[in-house]
Structures are given as structure tokens and as C-alpha cells.
2 protein chains.
Amino acid sequence: MEIKLLKNVPLFSELSPGELEELLELSEKRRYPKGSIVLYKGDVGQVLYLILKGKVKVVLFDENGKEIILSTLKSGNYFGEMSAFDQMPRSATVVTVEDSEFLVISQRSITDQINKNPHIALKLLSEMSRRLREADEQISNLALLDVRGRVAQILLKLYKGTNVRKGEDYRIVPRPALKDIAAMSGTSRETVSRVLSEFSKRGLISLTKENIIIFEGLELDEDID
Amino acid sequence: MEIKLLKNVPLFSELSPGELEELLELSEKRRYPKGSIVLYKGDVGQVLYLILKGKVKVVLFDENGKEIILSTLKSGNYFGEMSAFDQMPRSATVVTVEDSEFLVISQRSITDQINKNPHIALKLLSEMSRRLREADEQISNLALLDVRGRVAQILLKLYKGTNVRKGEDYRIVPRPALKDIAAMSGTSRETVSRVLSEFSKRGLISLTKENIIIFEGLELDEDID
DNA sequence: GCTGGTTTATGAAAGGCTTCATAATTCTGC
DNA sequence: GCAGAATTATGAAGCCTTTCATAAACCAGC
């Protein structure tokens with residue numbers, strides 16, 4: 001039944017129907033409503049979660065509850081692989097932002113598959129490289145850019161995730177909550193509100209109720225100031 | 001000749017002498033004096049560098065030359081693996097901070113070894129997991145802590161890297177330059193200077209010419225303030 | 001052991017961002 | 001369609017950090 005679904009996940013695309021079958025039998029399907037905590041930072045656990053349906057955010061909190069979003073993942077993506085490979089506790093908390101469904105795969109199943117089929121390892125290495133790049137970029141943004149720059153980077157990244165283009169502009173649909181943009185930029189809701197209205201006044205973006213339209217030129221933000 | 005050296009690198013510890021020999025023959029040894037740029041962000045190139053001797057820093061710069069240090073690596077560590085696995089350009093610049101010597105291994109050699117010996121893939125996955133954790137922690141520090149907290153975290157991390165313990169205190173030897181602590185904390189030299197002298201006045205650390213001694217209690221810094 | 005260059009310490013001013021507060025707007029569920 | 005909840009907009013005060021400037025300390029090499 002989900003064989004077809006798995007087949008479309010790049011990570012498993014090289015597996016034979018038999019191997020997929022085997023993987024499925026050893027795995028468990030789990031559902032979580034929107035807003036559930038799937039795993040907690042500090043937990044031990046070596047299972048990997050493949051997102052079949054829905055969307056999650058990977059987050060960290062400080063002692064006052066201030067949140068930083070490390071990444072957002074949707075169906076076809078997976079998380080929890082780090083603990084599967086280095087046996088350390090969960091390094092972040094994962095929360096569903098939509099009703100979601102996961103395939104929970106044990107570390108054992110994964111390493112078994114790697115041994116049979118090293119190609120899977122290369123897929124994993126490639127994906128982890130991508131994540132490391134993104135993490136490095138986020139570090140760079142936090143350390144080297146001011147809030148305007150960071151928010152601009154987040155808008156561009158959000159656009160790449162939605163990919164709605166009309167003529168010369170780029171739309172982020174649906175419009176994300178300011179507090180989420182803030183949690184991605186490492187700043188406060190209020191500051192994001194101010195920064196976006198400044199961008200809007202400068203003609204770099206257009207804010208509507210349903211979306212944010214990015215005009216060419218936002219990339220250059222740093223210079224214009 | 002370097003077979004013995006390679007044997008001690010965790011990444012290759014499972015390889016047979018024959019496989020090590022093969023790897024060595026396909027690889028090239030390269031030396032760089034202190035202060036050399038080994039690879040530039042944006043370059044294309046899929047080779048992996050194994051550090052045989054010396055020390056490097058992985059850095060990013062903003063347009064004014066302000067630097068953020070993503071990590072510091074020493075002999076036995078490797079870098080450049082990301083481009084080897086996802087074929088994207090170099091995501092950061094690597095600079096030697098000591099005279100250094102590298103074994104330059106082609107992506108091809110690595111994937112060949114992975115196919116022969118999936119265990120190598122697991123080592124790589126484990127190491128990349130570790131790096132991702134560190135990156136996430138750095139993001140969290142930058143986004144959620146003030147400068148004091150970030151500098152404190154860097155001191156603790158530096159201590160873990162030197163591991164000189166005498167009685168109840170922990171020493172960072174040799175004492176790093178303030179500008180490097182700054183580049184790791186995402187702040188300025190001047191601010192690090194002020195923060196350290198504040199820590200010193202509060203009795204959390206002791207600053208000497210040769211080292212920094214961390215007393216128990218620095219971890220709690222956030223609370224004390 | 002001196003000289004020039006580098007690193008560190010510290011003050012002062014300015015600015016960016018946070019925080020708190022309030023009002024307006026929008027959304028949600030009945 | 002309404003009431004209450006959540007989100008957004010905006011002002012004001014204050015703090016943290018940066019930046020610039022200067023002096024002191026330190027270091028490296030001849």
C-alpha cells in the first residue's frame with residue numbers, strides 16, 4: 001500500500017520492491033495531530049522518522065520559551081537520523097505544524113539497508129551535506145547580518161520553498177505568521193513587523209493578507225540601506 | 001609510510017592494509033604554511049582533505065571582512081566532504097592556522113571505498129551527525145544567548161578541546177587570541193575583552209598570560225547575572 | 001634589549017534591537 | 001454574524017552591543 005509512496009522518496013528510490021516491503025514490515029506508522037511534540041531534545045532514541053504526510057518544525061527553546069526554528073520539513077523529508085548514526089540524544093525538539101503521519105524506522109533497519117545497498121548511504125550523506133550547508137548559512141546569517149538582512153534571507157528562503165512565481169515577482173503563499181519569521185530569523189515578532197513594513201514602504205515587497213510578494217531587488221537589501 | 005598514520009584515523013580504521021595502500025596511491029599529499037587558504041567558498045571541487053598534521057579553521061566572511069569561525073579542525077579530522085557528497089560548491093573557506101599537511105582524497109576514492117566497505121559510510125554519517133549537532137548548537141547560541149552566554153559557551157567548548165584539568169579548575173591552554181574568541185562567538189574583540197574581564201572580576205575565570213582558567217560555576221552564568 | 005607591529009584594555013557616543021504597553025485588525029468556532 | 005482569542009502595528013524607554021579612539025601591554029626578530 002505505501003510501497004508506492006516510499007518509492008517516491010529519494011532516499012529509498014533505489015530499493016527493490018522486496019526491500020521496500022521488508023522495510024515497511026519492520027516499521028511502524030504513526031499519526032500526530034497539529035501541534036504535537038514528536039520528539040524532545042534530550043530524549044534517547046534511535047529511530048528515524050519519515051514524513052508521509054504533513055509538516056514539522058525542528059526547534060530549540062531558551063529558558064524563557066523563546067524559540068528558534070532550525071528547519072521545517074515536509075512529506076518525503078525525514079528527521080531523527082542524527083541519533084540513529086551517532087547514538088547521542090536528540091539534539092532538538094520536533095513539533096508538527098500540521099496533522100502529520102510518519103513512518104518510524106529503526107536504526108537497525110537503516111544500517112541493514114546500508115550494508116546491503118551502499119547507495120542509500122550516499123543518499124544520506126548527500127542529504128546531510130545539504131543540511132550542514134543550510135546550518136552553516138544560518139550561522140553566517142545570525143553572526144554577520146543585522147535583523148533586516150536576516151529577515152530578507154528568510155523571505156528568500158521561504159520563497160524557494162513555495163516557488164510561486166508570477167511575472168517578475170516571487171510569492172510566498174500562504175503568508176507565514178510573523179512570529180514564525182521571527183523564530184527563523186532569531187529576532188522578535190515586533191521587529192519583524194517593523195522590518196516588513198519598512199521593506200514594504202521601500203517597495204521591496206508587497207504585503208497582502210494572503211501572501212508576501214518579493215520584488216527583484218530584495219537580495220540587494222544590505223546595499224540600499 | 002603513512003599507512004600507520006591512516007590506520008589511526010577513525011574514518012579508515014576498518015580498512016585493510018591493502019585498501020589503505022590503494023587509497024594512499026590514489027591520493028596526494030599537500031603542505032600549506034600557516035595562514036594559507038586551502039579552499040575558498042564558492043570553489044567547485046570534490047576532493048576531501050584529511051589533516052595529517054596541523055590545524056585549520058573553517059570560516060565565513062561578510063563584505064567588510066568580519067569573520068565567523070564555523071569550526072576548527074586538527075590532525076585526524078577531515079573537511080571538504082560535503083562537496084564530495086552533494087556536488088555543490090564549497091560552502092566555506094578553510095585557512096590553516098598552523099603549518100599543515102593534508103592527504104587529498106578524491107570523491108571517487110571515497111565512494112569506491114564505501115561500496116566495498118559500507119562501514120566507512122557509517123563512520124562518515126556519524127561524523128556528519130556530530131557536525132550537524134555542533135552547528136545546531138551554534139545556531140541556538142547565536143539566536144538565544146546574549147554575548148556573555150555565547151562567550152561562556154565558547155570557553156567551555158575550548159576547554160573540551162584542550163582538556164587540561166587541575167584539581168577543580170579547567171584550563172584553556174594556550175590562551176587563544178581575543179579576536180578568535182570573538183570570531184567564534186559572533187561578536188567583536190572589544191566586547192570579548194570586556195566580557196572576559198567581567199568574568200574575571202566575578203571570579204568565574206582567571207586570566208593569565210598563558211591560559212584561561214575556568215572555575216566551576218561558569219556554566220551557570222546566565223542565572224547569576 | 002630595543003623597535004615596530006600586534007594585541008589588549010577601556011572610555012565614550014551612537015545606534016540597533018528588545019521589551020512593554022496599547023490599540024487595531026484578523027481569525028475561529030459556535 | 002458575533003464574541004473572544006490570536007495576531008499585527010506602532011510608540012516609547014532602555015539596554016546591549018558596536019564602533020571609534022587612545023593608551024598600555026606584549027611580542028618577535030634583529
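Note that this is a predicted model, so its numbers are computed, not measured. Values below: all heavy atoms of this structure, side chains included; hydrogens, waters and symmetry mates excluded. Labels below follow one simple rule: chain letters A, B, ... track the order of the sequence lines, proteins then strands, and each chain is numbered from 1.
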*Got A/M128 and B/S129 here, is their nearest side-chain heavy-atom distance under 4.5 Å?*
yes
*Starting from C1' on D/dT7, measure out to CG on A/D180 and report it in whole angstrom.*
11 Å
*asked:* Angle between ring planes, B/F79 versus B/F102, binned at 30° and 60°: parallel, tilted or perpendicular?
replied: perpendicular
*Would you please test A/E134 and A/R130 for salt bridge (charged side-chain N to carboxylate O under 4.0 Å, His left out) and show each step?*
CA-CA 6 Å; A/E134 290 206 338; A/R130 213 185 52 71; 3.3 Å; yes
*Sugar-phosphate atoms are those with a prime plus P, OP1 and OP2; base atoms are the rest. Using that split, label each nucleotide of nucleotides 24-30 of chain D B, S or - for protein heavy atoms under 4.0 Å, 5' to 3'.*
---S---
*Roughly, in whole Å, what's the span from CD in A/E67 to P in C/dT18?*
15 Å
*asked:* For the helix from C/dG1-D/dC30 to C/dC30-D/dG1, what angle separates the axis at the start from the axis at the finish, each from five pairs, in steps of 10°?
replied: 60°
*In chain order, what residues pass the side chain to side chain contact (heavy atoms under 4.5 Å, CB included) check against A/S197, with sequence neighbours excluded?*
A/K201
*Answer yes or no: is there a side-chain heavy-atom contact under 4.5 Å between A/L155 and A/F199?*
yes
*asked:* Between B/R148 and B/E198, does the salt bridge (charged side-chain N to carboxylate O under 4.0 Å, His left out) criterion hold? Intermediate values first, please.
replied: CA-CA 9 Å; B/R148 267 185 221 86; B/E198 183 199 326; 3.0 Å; yes
_My understanding is that only residues two or more places apart in sequence, or in another chain, count here; which of them pass salt bridge (Lys or Arg N to Asp or Glu O under 4.0 Å) with B/E28?_
B/R30
_With B/D86 via salt bridge (Lys or Arg N to Asp or Glu O under 4.0 Å) - residues at least two apart_ = A/R133
*So, do B/E67 and B/I69 sit near enough that their side-chain heavy atoms are less than 4.5 Å apart?*
yes
*Tell me, which of residues 188-195 of chain A have any heavy atom that sits under 4.0 Å from an atom in DNA chain D?*
A/R189, A/E190, A/S193, A/R194
*What pair of heavy atoms forms the shortest contact from B/M82 to B/S91, and how long is it?*
CE-OG, 3.3 Å
_Rounded to whole Å, please give me the gap between CZ in B/R148 and C1' in D/dC15._
11 Å
*What is the distance from CG of A/L207 to C1' of C/dT26, rounded to the nearest Å?*
15 Å
*Check every atom of C/dT10, D/dT10, D/dT8 against the side chain of A/A177 and return the nucleotide holding the closest atom.*
D/dT8
*May I have the distance from B/E198 (atom CD) to D/dT17 (atom C1'), rounded to whole angstrom?*
13 Å
